Each structure stands twice: as C-alpha cells, then as structure tokens.
Chemist: 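First the structure, which I've put down as structure tokens, then a few questions once you've had a look.
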2 protein chains.
Amino acid sequence: MTTIREIAKIAGVSVATVSRVLNDHPYVSQEKKAAVSHAVEKLNYSRNIKAIQLSNKHSNLVGIILPKIDLPYFSKIVEGLAEEARNLHLQLVLIQSNYDTEKEREALELLRGHLMDGIIFCSRAISLSEVRAYQEFGPIILLEDTDQDDFYSISIPHDHAFTYGLDYLYSKGHKKIAIALNRIDGTNSKKRIQAYESMMERIKEPIRTEWIFDQCLSIEDGATLMDKYMALNDKPTAFLTTNDQIAAGVLLAAAKHQLKIPQDLAVLSFDNQEISKVMDLSTISIPIKEMGQLAMRALFNSRENSLQASKKRELPFKLIERLTV
Amino acid sequence: MTTIREIAKIAGVSVATVSRVLNDHPYVSQEKKAAVSHAVEKLNYSRNIKAIQLSNKHSNLVGIILPKIDLPYFSKIVEGLAEEARNLHLQLVLIQSNYDTEKEREALELLRGHLMDGIIFCSRAISLSEVRAYQEFGPIILLEDTDQDDFYSISIPHDHAFTYGLDYLYSKGHKKIAIALNRIDGTNSKKRIQAYESMMERIKEPIRTEWIFDQCLSIEDGATLMDKYMALNDKPTAFLTTNDQIAAGVLLAAAKHQLKIPQDLAVLSFDNQEISKVMDLSTISIPIKEMGQLAMRALFNSRENSLQASKKRELPFKLIERLTV
DNA sequence: TTGTAGGCGTTATCAC
DNA sequence: GTGATAACGCCTACAA
C-alpha cells in the first residue's frame, strides 16, 4: 500500500506538504503542488480513509436507526436523509433494529466508540432515559413527537394532526370512529390515543377499546383489519389509520366485501404516499422526506454550534381531501 | 477521552495486557483480567473504533449501492442485507446513487480508501469495465444477471424468467403482449428484451416497439402506463411488467376505466411483493430478500477464501397464479 | 512556504 | 503470562 511518505519521497517534499496538497491547503507553491500531484498520479495513490478518520475529529459517518427499512414511511425518511447527506459529504450507516433494544443499544455504543459522528432515531424501542446517557458522545436526533425537551426532535404535532383528522371525520357526520395504530406504546401512538380519547369525550361517545387497533403497519395488516371489522357486531362508520398502507389494505379488502367507500365506511389515513394518490385515498400529508433532510442538516450544523437540545421542530401537516371520506 | 494507556496505568499493567483483555485473548491471568475490567468500569472506558479500524485489516463496513431506497424492490434487498449483516457483525453504509455514475464512482473510491471492506451493487449505471478496476481493492458483488464471469453475481436468470412469463401468457391465449421495463439499458432489461423479441419471433408476431414501455417503476408509473394503453389504437391483450408496483398501478387505473381484468386485459408481474397478494395479482416470485442475505454472506466469506469471481449464483423463480391472468 | 516531530488509540510482534 | 515498542497512515502544531 502506498502511503503519504512514499509520495513525499518521490515528489521530493515533506509529508506535511503532501498532506497540504491533498487537502487543498493554501500556502503551497505551484511547483511542489505539481510535483505531489504528479507523484500521486504515478503511484496511483489514494488516501486511507481509516487513517484520516483517526486523526480527524469527525468520521463523517452518521448512524440511522430504524425498525425496518422495508416500510414506505422509513424508506422515505432515509431517502431524505441520503439526499441531504450527499450534499454534506456524509455517509449513512443504516441500522435496522426491528425494535430490538439490544440492537439499538449497540448502535449507541458505536456512537460512543466514535465510529459515527451522530445518530438519528427514525423510531425506537429503547427508553429515552437510556438514550440520554449517550448524548455526551455526539448529537442524537429523534424523529418523533417527544416532550422531553433535552432532545432535539423533528416531527409533526401528532396530537393536533390526529385531532384534526378526527374533527374532519366528525364534520362529515362520523361519530363512530375506529383507529388503527402502529405500536401502541410508541411515543406518537400515545399522543394519538390521547387525542382520540379526548375527542370521544368531547362528542359524548364511549371509548370502545375494541375499536383501537394495534400493530397495523402494512397493506396486509390493513386487509386483516377489514376481517376484524367484519367480525364486529357494533361497527364503526369510519377508520382513521396512521399510514396509507393500512388504509389501502382496508380499501382493497372492502371491495371484496362489496362495501361502498365512503358510504358504508369512510377511510382517512396519514402520510400522503404515492399509493394514496393512485387509490384516491383521503389522507393527511406529512412531510416525511423533509423530516429526513432537516434531520441530516441539523446534525451537520451541530458541528459548528453544538446541537441545541430542547429544540423541538414542529412541521406542518395538511389534509388532502380525496374520495374515501 | 480515556484511552487504553490510562486503563493500563490504573490497572497497573501494560497496554498490551489491556488490549488482550479487551479482545478476550487467552493467556491473561485472572488477577490482571479483573484489574483491567475494574479500571474499565471505573473510568467508564470504551474503545475507539476508528483506532481499531486503523490497526485492523477490516473495517467491518460494507457499502451498499442502489439508485433509490424508496422502491420496494431495493428496500427489500436491503432488509435481507441488514438481517444477515447483523449476524455477521457488519455495518451497512448506504449509498443512494440515483444512477449517477459520479456518485457510484465516489462509492468505489471509498472502497479504495479502505473505508469499506467490500461493495454490493444492488443496481448500477456505471460500466462494468470501470467497476472492474476496483476489484483489487475488495470484493464487489453484483445483484444482476450479468454474463461477465470475472464478477461475483447473484440473480435469477432474467431471460428464462421473462420467457417463462411470456409463455404463460401465451398458454392463456395471449399473443398480443406488451411489456413494461425499468431502465431500458440496464443489464436485466437487455435480457428481457431479448427474451421478448425471440418469443415474438417464435409465435410469429411482429415486434411492436410501441409496446415496449420504458422507465416504469412505481405505482404511479403503472397508472400512467394505463393512460398510454388507452391511447393506443392497436391494443395488447396482456401486460408483462417487471415489478408488482407497475402492475398494481395498471390495475387501479384499469378499474377507473371499467376494464375487466383479466378478460379485457391480463396482467402478469414480477416480484411477489406484499401488494400483489392483497390485489390478487398473478406474479413471478423472486427471492429478493434472499438475494440480499446471500450477497452479504458471500461478502463475509470472501474474507477467508477470497471471493470466487466467475461465480454466478442463479436463484430460482416461481410463477404465482392468482386472478389477473 | 516548508519540514520535523509528535499525536490520534489500538493491535501485534518479540523478547523475557 | 507479560511488557516494551513498533507499526497502522494521516494530520498539524511549531519551528524555521
């Protein structure tokens, strides 16, 4: 392996000069610069990034933690992250946790071990109190609607958004509303359930726990949800689902049961992903990709002015009226 | 930052011994081992991975190159990669190229710079002759149906699979078949077009270039495809699409045009992703996730016995008959 | 503008 | 079993 020293020897300069040329430092004469470049060409030299990382402060690697990349919501976030990372010359280390706290802990240990400059939690299972202990090792960003104000977080206000969706359904004449959530114990879900309960209270409806569906994520989950709906004696007139995939599954399964949407059953979802457009699904749009972009930029900026924790970024959401409500 | 030296000092041993303890080497007395462990606890020490990487041969980082993570095919591959990487204690560096050759080149340079131990191309735009030059810097795996036998590749045989699909449509009475491809100049697409042309020749049908649709990837592309279909004077009776999303888009748009599937138009796709199940889409199943798993394992194994290039792994495909043909 | 020398933190060789 | 010490390859004061 050819090193900076050999280049220096060939070019007849010191290693410091070679390093300067390689890093485009000022104060290098044209002649020496040319000599170095020439030697680099000649020996087909390229720098050892591992060595650079060791002597530098940063590694330019950012850890991305998510449960499963094969879910449109998360791959969309990562797309935003990757796009921005490209401009900032950062690389993404993708860590798929499956909500295994052990795996998430490992990832935090990588931050502690200086492999990565920072970490972005797209979602998590590990407790914030445990995460907190790692903040001293680098910036950590949460893409969730947290109230812990010592974390930097980016999210839409899920309580408002959920209430907004429920109000919309109510304004369309629905009082009997069921909801489909992802993980019932996730930060966002808690906010949503709160919103749901206070809404039901407000319109004087009982809270039917059997109308709160958990573990809904995919199109197939949506289809399964429809089965559960059919088995219900007391049926809701509307569904509010936390992503478009669930709603799409509901719609497809509903068609098989000859249900008319929205007459027999109204469906409102979140995300505004591609599939919602094609299926004319009413949905509440979330700037998913932008969340990724903002997160990456915030992480990058934190190098200069260290991450302002207690900075909670709230992003806007928007109702997209289509044909399922 | 506390280092191995401080631990050594506190524990009253040499750095070598500390290193041995940290790496579970044999030949360390219980006493010293305990002393070191104690010091590690006391100082809340953790190893610097960047330093480990520098002095080690491997970085345990693997570069994953793909055009766009937000496409089900690719996120499924990555899921497989990540799952296997976890067992092997490797980390994924995700590089989203958007088929920009410059970005792909950068990724190869990262391999050259020893940041990553190897690279997996999920798909690429850069020429193989250019990629070839980087093989000396580490194992490179291609997830495509290449004929270049100096590369390690994993794929289904796309020509056979495509022919198989066409034959199936033919056996169902279809001679007028249109096809929807991803990138017309991709390795896999070339094989598919060949298969298409020879099939048409075989059944004595003209090759209608206006029935070969390019740049089809997403559900929306599928919907757009339907528009193009409607505008056609001479209409095909069947579509063979290279992924389920396109077919799903076709189906959804067809419903709006009151087209009966499969009577008016048959649709066969590839992948057998979740959406195909819910939509009762006939499809040719591809072991996408397994491709990722195999690739990661092959890369890992190549550390021991260096990657056997000219090893082409052909995976099986399988027709799933549902309701759209 | 240039060069020397020390440092980044760990691993591994070799002698004891 | 253990400990010096030399790599690993680069960056960067500091001195000139």
Side-chain angles (χ1 to χ4, degrees), chain A residues 1-37 39-40 43-61 109-117 137-138 303, chain B residues 1-37 39-40 43-61 109-117 137-138 303:
Chain A
M1 179 190 295
T2 106
T3 74
I4 207 178
R5 274 177 248 281
E6 302 180 44
I7 299 296
K9 196 175 293 176
I10 303 282
V13 301
S14 71
V15 292
T17 300
V18 175
S19 178
R20 289 191 188 102
V21 172
L22 258 25
N23 291 293
D24 281 325
H25 275 290
Y27 308 132
V28 186
S29 69
Q30 286 305 318
E31 303 85 62
K32 306 235 168 190
K33 195 168 184 171
V36 169
S37 301
V40 166
L43 297 193
N44 197 18
Y45 166 84
S46 104
R47 285 190 285 179
N48 183 320
I49 301 174
K50 294 195 283 191
I52 296 177
Q53 288 184 343
L54 178 59
S55 60
N56 275 345
K57 196 170 160 190
H58 302 298
S59 70
N60 291 331
L61 258 33
E109 284 296 327
L110 294 182
L111 175 66
R112 184 160 178 238
H114 300 272
L115 176 61
M116 308 171 305
D117 293 339
F137 303 116
R303 296 178 163 194
Chain B
M1 182 187 298
T2 109
T3 75
I4 207 178
R5 274 178 245 279
E6 302 179 44
I7 299 296
K9 196 174 290 175
I10 303 281
V13 299
S14 72
V15 292
T17 299
V18 176
S19 179
R20 288 192 188 101
V21 173
L22 259 25
N23 290 292
D24 280 323
H25 275 290
Y27 308 132
V28 185
S29 69
Q30 288 304 319
E31 303 84 63
K32 304 235 169 188
K33 197 166 180 172
V36 169
S37 302
V40 165
L43 298 192
N44 196 17
Y45 165 84
S46 105
R47 286 192 283 178
N48 184 320
I49 302 174
K50 294 195 283 190
I52 295 177
Q53 288 185 343
L54 178 59
S55 61
N56 274 348
K57 197 169 159 189
H58 301 299
S59 69
N60 292 331
L61 259 32
E109 284 296 329
L110 294 181
L111 176 65
R112 184 160 177 239
H114 300 270
L115 176 61
M116 309 172 303
D117 293 340
F137 303 116
R303 295 179 165 193

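Bear in mind that the values here come from a model prediction, so they are computed numbers and not experimental data. Order of the sequence lines sets the chain letters (A, B, ...), proteins ahead of strands, with each chain counted from 1.
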Chemist: Report the end-to-end axis angle of the helix from C/dT1-D/dA16 to C/dC16-D/dG1; each axis comes from five terminal pairs, and the value is rounded to 10°.
Modeler: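 Inter-axis angle at the ends, rounded: 40°.
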Chemist: Heavy atoms under 4.0 Å is the rule here; annotate nucleotides 6-16 of chain D 5' to 3' with B where the base is hit, S where only the sugar-phosphate is, and - elsewhere.
Modeler: --BBBSBB---
Chemist: Measure the spacing between OG of A/Ser59 and CG of A/Leu54 and express it to the nearest 0.5 Å.
Modeler: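 Going from the OG atom of A/Ser59 to the CG atom of A/Leu54 covers 11.5 Å.
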Chemist: Considering every strand and a 4.0 Å limit on heavy-atom distances, what is the contact class for B/Lys50: base, sugar-phosphate, or nothing?
Modeler: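 If one applies the 4.0 Å heavy-atom cut-off, B/Lys50 turns out to touch nothing in the nucleic acid.
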Chemist: Within the distance-only criterion (no hydrogens, no angle test), does the side chain of A/Lys50 pair as donor or acceptor with the backbone N or O of B/Lys57 below 3.5 angstrom?
Modeler: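 The answer is yes, because a donor-acceptor pair under 3.5 Å joins these two groups.
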Chemist: Indicate whether any N or O donor in one side chain lies under 3.5 Å from an N or O acceptor in the other, for A/Asn48 and B/Arg112.
Modeler: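 Short answer, no.
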Chemist: Do the side chains of A/Arg303 and A/Asp117 get close enough for a salt bridge, i.e. N-O under 4.0 angstrom?
Modeler: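 Looking at A/Arg303 and A/Asp117, the cut-off is met.
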Chemist: C/dG9 P sits how many Å from A/Lys57 NZ, rounded?
Modeler: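 So the NZ-P distance, A/Lys57 to C/dG9, works out to 14 Å.
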Chemist: Tell me: CG of B/Asp24 to P of C/dA12, nearest whole Å?
Modeler: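 After rounding, the reported distance stands at 14 Å.
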Chemist: In Å and rounded to the nearest 0.5 Å, what is the NZ to OG1 distance from B/Lys9 to B/Thr3?
Modeler: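 Reported to 0.5 Å precision, the distance equals 8.5 Å.
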Chemist: Mind checking the OH-NZ spacing from A/Tyr27 to A/Lys33? Nearest 0.5 Å is all I need.
Modeler: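 Between atom OH of A/Tyr27 and atom NZ of A/Lys33 there are 13.5 Å.
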Chemist: Going through the checks in order, is the side chain to side chain contact (heavy atoms under 4.5 Å, CB included) test met by B/Asn23 and B/Arg47?
Modeler: CA-CA 11 Å; B/Asn23 290 292; B/Arg47 286 192 283 178; 2.9 Å; yes
Chemist: To the nearest 0.5 Å, how far apart are OG1 in B/Thr17 and CD1 in B/Ile7?
Modeler: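 Separation between the atoms: 13.0 Å.
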Chemist: If I take atom NE2 in residue A/His114 and atom C1' in nucleotide C/dG7, what distance separates them, rounded to the nearest angstrom?
Modeler: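 Result: 15 Å.
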